[in-house]
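Working notes for the structure below.
Hydrogens, waters and symmetry mates play no part in the numbers below; they use all other heavy atoms, side chains included.
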Amino acid sequence: YTLLQVLISDIMVRISCNVELVRVECCDGLSSLAVRQIDMPKVCGTEVASETRVQNMWDHAISEFNLTQDKDGRWTSRPPGLLKHVRLQDGSLQHSSWMRIKDALSCQLSTDKVSVVDFGSEGGYCMAQFAMHPHVEDVTGKEIQYPWVVYSSWILYSIHMQSKTHNSYFANITLLCGNFVDALDEIWTTKIRSANIIHMDNVNWCK
């Protein structure tokens, strides 16, 4: 999988991750990147990003990678390599819904930090929303489609760097690749067992 035509080795030294990097001799400059896990450390910023800034950070991140959304948060462009048609989305990325979710969290949570697990959010949107909540200590997400693993990691990294620039809070992030129901994935199952909040905002889970 060719990753956005960037020099992978330059960026990977900045984040802790389990990466297999393979040079393909027959194609000059082409690299294959197999990501199993990506970790981003907490940004201990003193500010809490406003809803406007959160949205601006997200919009800036996806524009960096030529992704677009409509007014309801549904993707109008998608990473290369995805077969699913954009019209089949469930609309779980709506910003208005997240404002209500985070208001509810603020009322329910104490000042103690909590751990969150997210069952796939296409682009890391839900992970980013949780990570910028001041009561959240860490967020773990998993993507089953590899193109979304790649693009989610870059979008989250962009927001991570923007949080540093704005001195705003951003929780620890762990992004995993694989099947949500893989009981042999010890990292995933351990995160699920220890999570205070499990987020499954997708109509497919009703099945």
Side-chain angles (χ1 to χ4, degrees), residues 1 12 15-20 33-44 54 58 61 73 75 79 82 84 88-95 97-160 163 169-207:
Y1 195 91
M12 284 301 164
I15 53 179
S16 171
C17 54
N18 179 10
V19 175
E20 300 169 20
L33 180 67
V35 178
R36 303 293 176 224
Q37 176 180 341
I38 292 177
D39 296 294
M40 299 178 196
K42 182 194 301 181
V43 178
C44 298
V54 168
W58 174 261
W75 295 108
L82 289 176
K84 184 178 176 182
L88 299 177
Q89 300 175 79
D90 64 5
S92 61
L93 305 182
Q94 293 184 27
H95 183 64
S97 299
W98 270 98
M99 293 177 66
R100 293 194 296 271
I101 289 174
K102 290 198 282 190
D103 285 345
L105 283 178
S106 297
C107 294
Q108 293 292 326
L109 299 179
S110 66
T111 55
D112 296 333
K113 301 291 188 180
V114 298
S115 297
V116 177
V117 164
D118 174 54
F119 277 63
S121 62
E122 292 188 352
Y125 183 81
C126 302
M127 293 181 68
Q129 289 283 348
F130 278 119
M132 287 184 272
H133 194 289
H135 290 161
V136 174
E137 176 70 20
D138 60 87
V139 183
T140 301
K142 198 168 193 178
E143 296 284 8
I144 195 169
Q145 296 174 298
Y146 189 70
W148 271 129
V149 176
V150 175
Y151 274 74
S152 295
S153 67
W154 284 95
I155 291 169
L156 289 167
Y157 180 71
S158 173
I159 296 175
H160 181 271
S163 297
Y169 180 81
F170 193 79
N172 293 309
I173 287 283
T174 299
L175 178 63
L176 302 170
C177 175
N179 194 316
F180 299 122
V181 293
D182 181 4
L184 298 179
D185 186 340
E186 294 183 2
I187 295 174
W188 180 235
T189 54
T190 299
K191 291 285 189 177
I192 292 173
R193 283 195 296 268
S194 61
N196 305 102
I197 297 171
I198 295 178
H199 180 254
M200 303 170 75
D201 184 16
N202 191 307
V203 294
N204 292 319
W205 294 111
C206 297
K207 303 172 184 177

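When the ring pair (Phe, Tyr, Trp, His ring centres under 6.0 Å) test is applied to Phe170, the partners found at least two apart in sequence or on another chain are His160. Under the rule for a side-chain hydrogen bond (donor to acceptor under 3.5 Å, both in side chains), Ser163 has no partner lying at least two apart in sequence or in another chain. Applying the side-chain hydrogen bond (donor to acceptor under 3.5 Å, both in side chains) test to Asp138 and every residue at least two apart in sequence or in another chain returns Ser115.
Ring orientation note: the planes of Tyr125 and Trp58 are nearly perpendicular, at an angle over 60° on the 30°/60° scale.
Evaluation of the salt bridge (Lys or Arg N to Asp or Glu O under 4.0 Å) test over residues 145-159, restricted to residues two or more places apart or in two chains, returns none. Within the structure, the salt bridge (Lys or Arg N to Asp or Glu O under 4.0 Å) test picks out the following pairs touching residues 140-158 (sequence neighbours left out): Lys142-Asp185.
Across Trp188 and Asp118, no two heavy atoms sit closer than the pair CH2-O, 3.7 Å. What you find for Met40 and Ser153 is that their closest heavy atoms are CE-O, 3.3 Å. Of all heavy-atom pairs spanning Ala195 and Val117, the tightest one is CB-CG2, 3.7 Å.
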Full working for side-chain contact (heavy atoms from CB on, under 4.5 Å) between Met132 and Ile159: CA-CA 10 Å; Met132 287 184 272; Ile159 296 175; 4.1 Å; yes
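Formation of a donor-acceptor pair under 3.5 Å by the Ser152 side chain with backbone atoms of Val149 is not found in this model. Counting only distance, with no hydrogens or angles, the side chain of Tyr169 and the backbone of Val136 share a donor-acceptor pair below 3.5 Å.
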Ignoring hydrogens and angles, write down the donor-acceptor pairs under 3.5 Å from the side chains of residues 172-182, residues two or more places apart or on other chains.
unit_1: Asn172; atom_1: OD1; unit_2: Lys42; atom_2: N; d: 2.8
unit_1: Thr174; atom_1: OG1; unit_2: Asp39; atom_2: OD1; d: 2.8
unit_1: Asn179; atom_1: OD1; unit_2: Val181; atom_2: N; d: 2.9
unit_1: Asp182; atom_1: OD1; unit_2: Leu184; atom_2: N; d: 3.0

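Looking at heavy atoms from C-beta onward, Phe119 lies in side-chain contact with Ile192 at the 4.5 angstrom threshold.
With values rounded to the nearest 0.5 angstrom, Trp75 atom CH2 is found 4.5 Å from Trp148 atom CH2.
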